[in-house]
Structures are given as structure tokens and as C-alpha cells.
Amino acid sequence: MIRVSIDSAPIEVAIELAALEERGAGGLATFTGVVRGDDGVTALELEHYPGMTEQALIALAETACARWSLLAVTMVHRVGVMVPGDRIVFVGTAAQHRREALDACGFLIDRLKTDAPFWKREQLGDAARWVDARARDVDAATRWEAGQ
Amino acid sequence: MIRVSIDSAPIEVAIELAALEERGAGGLATFTGVVRGDDGVTALELEHYPGMTEQALIALAETACARWSLLAVTMVHRVGVMVPGDRIVFVGTAAQHRREALDACGFLIDRLKTDAPFWKREQLGDAARWVDARARDVDAATRWEAGQ
Amino acid sequence: MDLLYFAWVRERIGMGQEQVEPPAEVRSVADLIGWLATRSPGHAEAMRAPERLRAAIDQKFVPLDAPLGAAREVALFPPVTGG
Amino acid sequence: MDLLYFAWVRERIGMGQEQVEPPAEVRSVADLIGWLATRSPGHAEAMRAPERLRAAIDQKFVPLDAPLGAAREVALFPPVTGG
């Protein structure tokens with residue numbers, strides 16, 4: 001079961017987890033990304049490429065399902081305006097065995113960072129800046145290519 | 001912040017997650033283990049070594065905090081009688097960076113399996129059997145020694 | 001051909017999408033970027049540093065030297081920063 | 001010395017804890033296991049295969065050849081199976 005959602009509404013982790021648990025798995029791994037208030041950031045705006053984003057997330061989930069034995073994958077990304085403390089992304093995996101759930105979860109969040117068309121703009125009081133892509137995100141995504 | 005709990009009450013993942021999120025981290029990783037109904041298992045009973053168990057989990061959490069930059073670690077293990085579908089264990093980590101949260105979460109669940117004094121007894125209708133330790137759990141715990 | 005712009009590419013150009021009919025000699029994404037740079041000062045500013053741009057053809061990421069082929073939708077944007 | 005038993009060790013012995021005063025020649029956990037085996041048929045059954053037993057002294061895991069030293073609490077149990 002693959003569930004992908006891109007929505008401007010807050011991410012409801014308890015609901016996402018309950019849906020994953022219903023798959024009867026022995027292990028569930030999750031990653032939740034939260035907007036940080038570092039460096040005076042007052043708000044974060046997420047832009048995306050409607051249509052392509054959903055396809056990109058589904059393709060990632062399918063890749064994970066081909067690589068690990070998974071019962072369910074959930075990927076939820078919030079878009080629009082958020083404030084520090086808001087959840088921006090949730091990735092959850094369900095599997096019979098913990099290592100598969102954990103590895104697939106790590107793979108999905110690493111690859112989401114480089115393979116899905118989202119762009120972040122930070123608001124710092126009256127000023128705004130587009131967030132630069134980070135080399136370490138590319139490195140993190142690349143490590144999965146070696147079959148690590 | 002380290003939170004360790006061993007309790008016969010159901011594990012409330014939403015409450016545990018909310019407490020982790022309050023630490024202001026950028027990333028939260030969790031693992032939830034659920035009782036499986038494989039092979040006709042009708043119930044699972046968890047026995048532990050009161051006093052030592054708490055110490056063992058706190059020691060693991062402290063080891064993780066020394067190895068990764070973490071804002072919070074939560075380890076909750078249920079004991080007593082459970083049925084398939086019940087959560088048996090929850091591990092959650094909060095960190096500024098996702099890789100630290102994810103790696104620490106994997107470390108904690110792998111090492112919990114070998115380093116904390118819990119014992120599982122499966123009920124299969126009228127019959128009961130103590131679950132044997134698995135070599136692959138020892139292997140999974142050992143991989144963290146090489147600094148992987 | 002439908003063009004889509006995102007993030008600061010969109011802001012510099014001043015619009016999120018437009019329809020264009022590039023001449024026949026515009027064969028690759030890189031050619032398209034060069035041609036777009038001549039359309040307005042905003043386009044020129046957005047296309048000024050092609051190495052900072054990324055592209056998708058028909059909603060698939062492609063390198064800048066990818067041929068446009070029969071592309072119906074081409075998107076130009078900075079490196080992605082989701083998650 | 002307080003002894004604690006868990007899981008099938010507890011079941012075979014028929015109790016979860018007892019107090020014992022082993023003789024001076026019982027110096028290691030392995031010695032203790034051998035000595036306990038003589039206390040009752042249940043103890044004998046529980047201690048029959050020492051390689052299947054694990055131990056803790058004063059709530060720390062120890063190998064079976066660990067010296068008892070000034071141990072106040074010794075626990076014997078099968079390999080752990082939590083998580």
C-alpha cells in the first residue's frame with residue numbers, strides 16, 4: 001500500500017501511523033521533519049511542481065517497495081506557509097522486519113530531498129530568501145546507489 | 001532528555017511523539033514494534049527484570065547521546081500480556097539533523113534486543129512457548145560496534 | 001511548448017508559466033535557456049547562470065543537455081530543497 | 001546472596017527468587033550454576049545446559065566465568081528476547 005499526499009493542511013502523524021499499523025506489520029519506522037526556527041526564521045514557504053511531485057514520490061515509494069519487503073509506505077509533504085514547530089514532512093514504512101522498515105524509511109527521506117520538486121523559501125521578519133540546496137543532501141541520496 | 005518507561009499499559013505513540021516534538025528538533029525518527037499474529041500466536045507475554053531493565057535502557061540511551069548529537073531519546077517497552085496488533089516497543093529520537101535521528105533510532109532498537117532483560121512467551125491457543133533468541137538479532141546489534 | 005518556472009526562476013521572470021514556440025535551432029534544454037534569456041530583462045536575469053538551473057521535460061528531471069524532442073511541458077527551476 | 005530467575009529458568013525451578021549461602025568454593029557464576037543444580041530436581045532441570053543460560057551480577061550482564069566476588073544479587077535467565 002502506497003500513500004502519497006501533498007497538502008497545505010497540517011500533517012496528522014497519529015492518523016498516518018494508525019493507517020500504517022492497520023497493515024499488520026511487525027515494525028513501523030517513521031521520520032518526521034519539523035520546521036526549525038534557527039537563524040531568526042519566522043516562517044517557511046514550500047512551493048512544489050503539482051503533478052510531477054506526486055509522480056516523483058510515488059516513484060520513490062515504488063523503488064523502496066522493489067528493494068525492501070514492505071507492507072506499506074506513506075509519504076506526506078506539507079506545502080504552503082508554515083511556522084517553526086510545524087511538521088513539514090512525514091515518511092512512514094511498515095514491514096515484517098525492523099531493518100527493512102528502518103532502511104526503507106532512511107532511503108525515502110534521503111531521496112525525497114533530491115528527487116522531488118519542492119522549494120523552500122525562508123521568511124526572516126520582512127526579508128525572504130530561497131534556501132540553497134546542500135551538497136550533503138546529494139551525498140546522502142547518493143549513498144543508497146551503492147546498495148548500502 | 002532521556003525518557004525510559006516499562007509499563008503494562010498500552011503504548012501511546014501520539015503522546016510520545018508530541019513530547020519528542022516539544023524539544024524543538026528538526027527531525028524525529030521512530031520505530032514501533034507491533035505484536036504479530038504469525039503462526040497462530042494468540043497472545044504474547046513479556047517478562048522483564050525490574051530495576052535492571054530501566055538501567056539497561058538508560059545506559060543505551062546515554063550511549064546513543066554520546067555517539068550522536070541528539071535532543072531527546074524515548075524508549076518505551078510494554079510488559080505483561082499483549083495480543084496481536086498491540087504495540088510492544090517504541091523508540092523515538094529527536095535531533096537537528098535527520099541522519100543522526102535515524103541512525104540513533106536504528107542503533108537503539110537493535111541494541112535493545114540484545115542488551116535489555118526482556119523475555120517473550122508466546123501463547124498459541126492452550127500451548128505456550130518461550131521465544132528463542134535469534135542469531136540475527138545479535139548480528140544486528142554487533143554491526144554498531146564497527147562504527148557503521 | 002508550455003514552460004513552467006518555479007522558485008526564484010519564477011520570481012525573476014515574473015510569471016509561473018508561459019507558452020512559447022522556439023525556433024528550430026533550439027534543440028536542447030540548454031539551447032532553450034539561451035534563447036529564453038533574450039526574451040526580457042527578467043528572463044535574462046533568471047537564465048544568467050545556467051549551472052544554477054535544473055530542468056524537467058514532461059515532469060521528469062533531465063540534464064541541461066537533454067534534447068527537447070517532442071516536449072510538451074518544460075520546467076526550469078533551481079535545485080530542489082524539499083523534505 | 002539473592003538469586004533471581006526469569007523466563008523458563010524461573011518456571012523450571014518453580015520460583016522467581018531465593019536466598020542462598022553457597023560454600024566458599026563457589027567462586028564464579030558457572031560454579032554457582034553447578035552448585036544450584038544439586039538443590040532440587042527443578043534446579044537440576046533449569047541448570048542442565050549452562051550454555052543456554054545467561055547471568056547478571058548486581059543488575060549487570062556478566063559472562064558465566066565471571067567471579068561472584070561480593071555479589072549481592074545474581075540473576076540467571078535465558079538469552080533475552082525483548083523488542
Side-chain angles (χ1 to χ4, degrees), chain A residues 4 6 11 31-36 41 44-60 75-80 82 87-91 105-122 128-138 140-141, chain C residues 1-20 28-30 32-33 36-37 41-83:
Chain A
V4 160
I6 293 129
I11 297 173
F31 178 81
T32 307
V34 177
V35 178
R36 289 190 280 164
V41 170
L44 187 70
E45 185 164 2
L46 253 287
E47 179 171 334
H48 79 118
Y49 183 167
M52 180 172 168
T53 318
E54 289 82 352
Q55 280 184 53
L57 296 187
I58 289 169
L60 275 183
M75 302 180 83
V76 181
H77 206 296
R78 191 165 170 195
V79 292
M82 284 157 261
R87 298 176 194 119
I88 179 169
V89 64
F90 171 86
V91 172
C105 185
F107 165 84
L108 288 166
I109 186 64
D110 279 346
R111 290 284 297 268
L112 181 150
K113 296 246 172 193
T114 57
D115 289 18
F118 292 100
W119 299 272
K120 286 191 183 104
R121 188 168 66 163
E122 292 175 340
R129 65 180 178 212
W130 290 95
V131 173
D132 280 329
R134 293 180 307 184
R136 75 159 179 250
D137 283 336
V138 175
Chain C
M1 180 187 292
D2 290 318
L3 298 185
L4 297 180
Y5 307 122
F6 294 100
W8 53 253
V9 178
R10 172 180 56 71
E11 286 187 333
R12 288 176 190 178
I13 293 176
M15 59 186 155
Q17 58 187 89
E18 62 181 321
Q19 278 203 320
V20 297
S28 68
V29 175
L32 180 65
I33 288 169
L36 284 169
H43 285 80
E45 174 63 15
M47 305 298 153
R48 192 165 48 86
E51 73 279 6
R52 296 188 60 201
L53 295 176
R54 300 292 181 273
I57 293 179
D58 293 332
Q59 306 197 352
K60 302 280 180 202
F61 290 111
V62 294
L64 296 194
D65 61 0
L68 291 172
R72 292 163 48 191
E73 181 175 298
V74 180
L76 297 170
F77 42 76
V80 302
T81 56

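Computed from a predicted structure; not experimentally measured. Proteins come first, then strands; the chains are lettered A, B, ... in the order of their sequence lines, and each starts at number 1.
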Next item on the list: Name the option with the most non-hydrogen atom pairs under 4.5 Å to chain C; the candidates are Arg134(A), Lys120(A), Arg121(A).
Entry: Lys120(A)
Checklist line | Part of Asp110(A) within contact of chain C (heavy atom distance under 4.5 Å) | finding: neither
Notebook entry, point to check: Side chain, backbone, both or neither: which part of Arg10(C) has a non-hydrogen atom closer than 4.5 Å to chain A?
Noted result: side chain
Next item on the list: Tell me, out of Phe90(A), Trp130(A), Phe118(A), who's got the most heavy-atom pairs with chain C below 4.5 Å.
Entry: Trp130(A)
Checklist line | Spacing of CD1 belonging to Ile58(A) relative to CE belonging to Met75(A), to within rounding of 0.5 Å | finding: 10.5 Å
Notebook entry, point to check: Just wondering, more than 12 heavy atoms not from Glu18(C) lying within 6.0 Å of its CD?
Noted result: yes
Check: Are the side chain of Asp137(A) and the backbone of Thr114(A) linked by a donor-acceptor contact shorter than 3.5 Å?
Finding: no
Notebook entry, point to check: Do any N or O atoms from the side chain of Glu47(A) and from the backbone of Ala7(C) form a donor-acceptor pair under 3.5 angstrom?
Noted result: yes
